[in-house]
Student: 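If you scroll down you'll find the structure; I have some questions about it.
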Amino acid sequence: QVQLVESGGGLVQAGGSLRLSCTASERSLSNYAMGWFRQAPGQEREFVAVINWSGDRTYYADSAKGRFTISRDNAENTVYLRMNSLNAEDTAVYFCAADSSYGSSWYRGYMYYWGKGTLVTVSS
């Protein structure tokens, strides 16, 4: 069974940076788009960013544009999310996902595979 395992979450001060990683258990996911969602306390899960299978196309939610950068290393079966200029509103559990689709369809949130999440807490 395919597994996605996130890491890199933690506590950071406002204005700081973090890099999240998500490693897939199978190389076959190199053919899938991979991306990130987040869920803040008491809120619904929301789309953050996605990268296509080859890594040459990216798509971001407005909240992530200009601050977050998604990338991937297919040789390592890993997708990354670099987050800069973090603020308290970025506090959430961040989930990795993989799907055959790419782009705005990710806003619907119906992905084939999901990780269990990693907590990011931004202190103000």
Side-chain angles (χ1 to χ4, degrees):
Q1 184 171 346
V2 173
Q3 291 185 329
L4 300 176
V5 180
E6 302 96 336
S7 61
L11 176 64
V12 62
Q13 290 188 335
S17 299
L18 279 177
R19 189 181 78 160
L20 305 182
S21 300
C22 170
T23 300
S25 60
E26 294 188 10
R27 187 170 294 278
S28 60
L29 287 192
S30 63
N31 296 320
Y32 282 66
M34 296 185 71
W36 295 89
F37 289 76
R38 67 184 183 184
Q39 186 168 20
Q43 298 188 23
E44 294 186 353
R45 187 161 53 190
E46 65 175 4
F47 165 73
V48 176
V50 59
I51 188 167
N52 73 334
W53 70 273
S54 61
D56 60 352
R57 296 175 66 189
T58 57
Y59 186 83
Y60 295 92
D62 287 344
S63 60
K65 288 179 182 176
R67 298 189 303 127
F68 295 2
T69 302
I70 189 170
S71 61
R72 68 189 295 165
D73 182 343
N74 285 341
E76 298 294 329
N77 297 339
T78 300
V79 63
Y80 303 97
L81 185 68
R82 175 69 177 183
M83 304 185 294
N84 297 326
S85 303
L86 288 162
N87 56 60
E89 289 69 39
D90 296 314
T91 294
V93 177
Y94 283 72
F95 297 90
C96 177
D99 195 71
S100 59
S101 70
Y102 167 80
S104 61
S105 63
W106 276 59
Y107 277 103
R108 294 196 294 269
Y110 298 120
M111 304 295 109
Y112 281 158
Y113 302 111
W114 289 95
K116 294 183 178 181
T118 185
L119 176 62
V120 172
T121 304
V122 183
S123 63
S124 57

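All values derive from a computational prediction rather than experimental measurement.
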Student: Name each donor-acceptor pair under 3.5 Å that joins a side chain in residues 34-44 to protein atoms two or more places apart or in another chain, with its distance.
Tutor:
unit_1, atom_1, unit_2, atom_2, d
Arg38, NE, Glu46, OE2, 2.6
Arg38, NH1, Asp90, OD1, 2.9
Arg38, NH1, Tyr94, OH, 3.0
Arg38, NH2, Glu46, OE2, 3.2
Gln39, NE2, Gln43, O, 3.0

Student: Does one side chain, of Thr91 or Thr121, offer a donor that lies under 3.5 Å from an acceptor on the other?
Tutor: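 Short answer, no.
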Student: With no hydrogens and no angle check, is any side-chain donor or acceptor of Tyr102 less than 3.5 Å from a backbone partner on Thr58?
Tutor: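 Yes; at least one donor-acceptor contact below 3.5 Å.
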Student: Check whether Leu20 and Phe68 end up in the same hydrophobic cluster, where Ile, Leu, Val, Met, Phe, Trp and Tyr are linked by side-chain heavy atoms less than 4.5 Å apart.
Tutor: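 Linked, Leu20 and Phe68 end up in one cluster.
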Student: Any side-chain donor paired with an acceptor under 3.5 Å for Thr23 and Asn77?
Tutor: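 Absent: no donor and acceptor within the cut-off.
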Student: Checking Arg72 side chain against Gly55 main chain: does a donor-acceptor pair fall under 3.5 Å?
Tutor: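 Flag not set: sc Arg72 to bb Gly55 has no pair under 3.5 Å.
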Student: Determine whether Tyr32 and Val48 fall in the same hydrophobic cluster, where Ile, Leu, Val, Met, Phe, Trp and Tyr are linked whenever their side-chain heavy atoms lie under 4.5 Å apart.
Tutor: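 Linked, Tyr32 and Val48 end up in one cluster.
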Student: Keeping Glu6 on the side-chain end and Gly117 on the backbone end, is there a donor-acceptor pair under 3.5 Å?
Tutor: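 Here the side-chain-to-backbone pair exists.
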Student: Please report the closest heavy-atom contact between Leu81 and Ala49, naming both atoms and the distance.
Tutor: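 So the two residues come closest at CD1-CB, 4.3 Å.
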Student: Run the ring-ring contact (aromatic ring centres under 6.0 Å, His included) test against Trp53 and tell me which residues pass, sequence neighbours left out.
Tutor: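 Here no residue qualifies.
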Student: Short question: side chain of Asn84, backbone of Ser17 - any donor-acceptor pair under 3.5 Å?
Tutor: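 Such a contact is absent between Asn84 side chain and Ser17 backbone.
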Student: Examine Val79 and Leu4 and state if one hydrophobic cluster contains both, with Ile, Leu, Val, Met, Phe, Trp and Tyr joined whenever side-chain heavy atoms are less than 4.5 Å apart.
Tutor: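 Cluster IDs for Val79 and Leu4 match.
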Student: State yes or no: do Tyr113 and Val93 share one hydrophobic cluster built from I, L, V, M, F, W and Y residues joined by side-chain heavy-atom distances below 4.5 Å, directly or via other members?
Tutor: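 Not linked; separate clusters.
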Student: Backbone N or O of Ser25 within a donor-acceptor pair of the Gln3 side chain at under 3.5 Å?
Tutor: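 No: the side chain of Gln3 does not pair with the backbone of Ser25.
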Student: Could you give the distance from CH2 (Trp114) to SG (Cys22), rounded to the nearest 0.5 Å?
Tutor: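 So the CH2 of Trp114 and the SG of Cys22 are separated by 11.0 Å.
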